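Contents: one structure, followed by commentary.
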Amino acid sequence: MQGLAKQIEEAAAVIRSRWSGTPKAGLILGTGLGGLAEQICNKTIIPYTEIPHFPMSTVQSHAGQLVCGELSGVPIVAMEGRFHFYEGYTMQQVTFPVRVMKALGADTLVVTNAAGGMNPHFDLADVVVIDDHINLMGDNPLRGINDDKLGPRFPDMCEPYSHKLNEIALQSALELGIAAHKGVFVAVAGPNLETRAEYRMLRGIGADVVGMSTVPEVIVAVHAGLKVLGFSIVTDICLPDALEPVDIQKILAVAATGGEKLSRLIPKVFDSLS
Ligand code: HPA
């Protein structure tokens, strides 16, 4: 077995030894959005430090543990705390858990993040169902030798986010009375927020929301053949001509409000999957 495939197997073996379920989906909980983990039933919690080859989470607002269990009766593995490129991890490290989710048997990845809203129709704490993305991180997790057993050299990107899952998510949001939009997510490396000129450019190239995560994980999910459903929560309004300094505490508070919406919405989407 090649290096990466071997590491994936070793990590998956440790998780299997602690949890006997087979996940239908993997879930990545973004900054301030960890509240959803509380809704997982029959939980087995595995700290990342106990999983071989998992990097360590350094962000304060991230717990750094894998929560295995059931959401709406659907077996899932959820990452409470993700790895960001801006923390200094390589793209391979950032996306390693997605490989492990696939190895455990997941066929779907649900990703969430806190993002800056550049579409003037979007409000604070609104839910955005990610329809497509733009990778401006300046790197790619698939760079280097391709292991054909993990996925193709040139993965197709015509539908990285499942249209079917997106429709289910938008319909579910409507039924729950949660404001949700479809949108294009652009990923930047961070960690600084954008200048006015950068927001203007990002909006100009077709993005509705901007953040510092998600795209690497989605690229690897597509490479691995997983269906993807992505959500952004608008945590700050990024209109270049009315820009205000961001306050990270405020972003986290807004993320908590948005997270509460996702903790109603995501289980409802899973209801339709089961
Ligand atoms: N830019 C980049 N990442 C972000 C932002 C933003 O405005 N808000 C939350 N994450």
Side-chain angles (χ1 to χ4, degrees), residues 27-36 57-63 79-89 91 94-95 110-141 161 179-219 230-263 265:
L27 178 58
I28 301 179
L29 301 171
T31 306
L33 302 173
L36 193 70
S57 181
T58 64
V59 179
Q60 222 180 5
S61 47
H62 287 210
M79 288 180 74
E80 210 179 338
R82 65 142 59 85
F83 305 108
H84 294 91
F85 188 55
Y86 64 74
E87 294 174 90
Y89 300 115
M91 283 281 177
V94 167
T95 55
V110 181
V111 269
T112 67
N113 63 48
M118 298 181 294
N119 182 323
H121 294 110
F122 295 1
D123 217 339
L124 280 181
D126 276 0
V127 172
V128 181
V129 176
I130 304 174
D131 193 32
D132 208 345
H133 75 218
I134 300 172
N135 179 14
L136 285 190
M137 295 184 87
D139 201 346
N140 191 302
Y161 302 84
H181 316 270
K182 260 200 229 183
V184 173
F185 176 86
V186 60
V188 293
N192 61 284
L193 293 143
E194 288 64 42
T195 63
R196 290 171 200 270
E198 286 166 341
Y199 284 127
R200 204 171 283 118
M201 174 197 73
L202 297 173
R203 181 74 185 133
I205 62 171
D208 298 290
V209 278
V210 53
M212 305 173 194
S213 67
T214 301
V215 163
E217 294 101 314
V218 171
I219 290 173
F231 294 101
S232 289
I233 294 296
V234 177
T235 52
D236 51 311
I237 300 294
C238 308
L239 302 177
D241 298 312
L243 200 60
E244 287 175 15
V246 296
D247 171 346
I248 296 301
Q249 291 313 319
K250 200 171 150 208
I251 286 191
L252 291 177
V254 178
T257 307
E260 186 275 322
K261 294 180 190 173
L262 289 183
S263 43
L265 180 55

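Each ligand, and each atom within it, is numbered from 1 in the order the structure gives. Fair warning: this is a prediction, and the values are worked out from it, not measured in the lab.
- For residues 120-136, the pairs satisfying side-chain hydrogen bond (donor to acceptor under 3.5 Å, both in side chains) are N119-H121, D126-H181, H133-Y161, with sequence neighbours left out.
- One distance of note links CZ of F185 with OG of S213; it measures 5.0 Å at 0.5 Å rounding.
- Under the 4.0 Å criterion applied to side-chain N and carboxylate O atoms, K182 and D208 are not assigned as salt-bridge partners.
- The CG atom of L202 sits 6.0 Å away from atom CD of E194, with the distance rounded to the nearest 0.5 Å.
- Using a 4.5 Å heavy-atom cutoff, the side chains of R82 and H84 are in contact.
- Here R200 pairs with D241 in a salt bridge; the nearest charged N to carboxylate O distance falls below 4.0 Å.
- Sorted by chain then number, the residues whose non-hydrogen atoms approach ligand 1 to under 4.0 Å are A114, A115, G116, L193, E194, Y199, V210, G211, M212, T235, D236, C238.
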